[in-house]
Enquirer: 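Okay, here's the structure, questions in a sec.
Since the model is a prediction, treat every value here as computed from it, not as a measurement.
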Amino acid sequence: MGRPLPGHRLDMWLFLTRRFRTWVLLTFLVPLATGLLRRVGQALERRNGPSSVSNGLLKAGDLGDRARSRLRGGRRRR
């Protein structure tokens, strides 16, 4: 991507702070991605039975849930 010409609009992300971009990623994009991974894993498991791929996708979805609950102040499991 080259330099913008004078008078042309710059990319919106350029004006957002690093902390805000991180917040957007963690609040919206990561939950969407982990939810999608979980749904794909469940669909594969329904279609073909449990496999290493479906188990990996389900674990990735669970990892997102655990991280989100920990960031919200959830208690750790012992």
Side-chain angles (χ1 to χ4, degrees):
M1 189 162 130
R3 292 178 60 176
L5 297 173
H8 284 95
R9 189 175 150 237
L10 293 174
D11 194 21
M12 177 184 75
W13 286 99
L14 189 71
F15 295 110
L16 300 176
T17 64
R18 180 176 166 212
R19 180 175 280 179
F20 184 71
R21 286 186 302 228
T22 303
W23 178 82
V24 168
L25 274 170
L26 293 175
T27 304
F28 297 108
L29 298 180
V30 171
L32 285 173
T34 57
L36 179 66
L37 291 174
R38 183 182 305 105
R39 278 184 257 136
V40 170
Q42 289 170 342
L44 282 174
E45 205 166 72
R46 276 193 304 270
R47 182 179 294 164
N48 302 327
S51 69
S52 60
V53 173
S54 66
N55 288 336
L57 291 171
L58 292 172
K59 285 180 184 180
D62 292 341
L63 177 67
D65 286 343
R66 285 195 309 263
R68 223 174 15 257
S69 70
R70 181 177 264 174
L71 287 173
R72 285 185 193 145
R75 293 188 342 204
R76 291 183 187 179
R77 290 188 206 171
R78 289 186 176 189

Enquirer: Using the side-chain hydrogen bond (donor to acceptor under 3.5 Å, both in side chains) criterion, which residues pair with Thr27? Sequence neighbours excluded.
Expert: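 With sequence neighbours excluded, Thr27 shows a side-chain hydrogen bond (donor to acceptor under 3.5 Å, both in side chains) to Trp23, given in chain and number order.
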Enquirer: With sequence neighbours excluded, give me every ring-ring contact (aromatic ring centres under 6.0 Å, His included) pair touching residues 29-69.
Expert: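 Matches after skipping sequence neighbours: none remain.
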Enquirer: Using 0.5 Å steps for rounding, measure from the CG atom of Leu37 to the CG atom of Leu32.
Expert: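 The CG atom of Leu32 is 11.0 Å from CG of Leu37, to the nearest 0.5 Å.
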Enquirer: Quick check: closest heavy atoms across Pro31 and Leu25, and the distance to 0.1 Å?
Expert: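 Scanning both residues completely, I find the closest heavy atoms to be CD-O, 4.3 Å.
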Enquirer: Mind checking side-chain contact (heavy atoms from CB on, under 4.5 Å) for Ser51 and listing every partner two or more places apart, or none if nothing turns up?
Expert: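 Result, side-chain contact (heavy atoms from CB on, under 4.5 Å) vs Ser51: Val53, Ser54.
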Enquirer: Please table the atom pairs, donor to acceptor, closer than 3.5 Å between any side-chain atom in residues 38-45 and protein atoms at least two apart or in another chain.
Expert:
| from | atom 1 | to | atom 2 | distance (Å) |
| --- | --- | --- | --- | --- |
| Arg38 | NH2 | Gly61 | O | 2.7 |
| Arg38 | NH2 | Asp65 | OD1 | 3.2 |
| Arg38 | NH2 | Asp65 | OD2 | 2.5 |

Enquirer: Restricting to non-hydrogen atoms, name the atom on Asn55 and the atom on Pro50 that form the minimum distance, rounded to 0.1 Å.
Expert: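 Here Asn55 and Pro50 meet closest at OD1-CB, 4.5 Å.
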Enquirer: Cluster question for you: counting only ILVMFWY and a side-chain heavy-atom cut-off of under 4.5 Å, with indirect links fine, are Leu36 and Leu29 together?
Expert: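 In one cluster with Leu36: Leu29, no.
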Enquirer: Is there any ring-ring contact (aromatic ring centres under 6.0 Å, His included) pair reaching into residues 42-64, and which pairs are they, with sequence neighbours excluded?
Expert: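 Residue pairs with at least one partner in residues 42-64: there are none.
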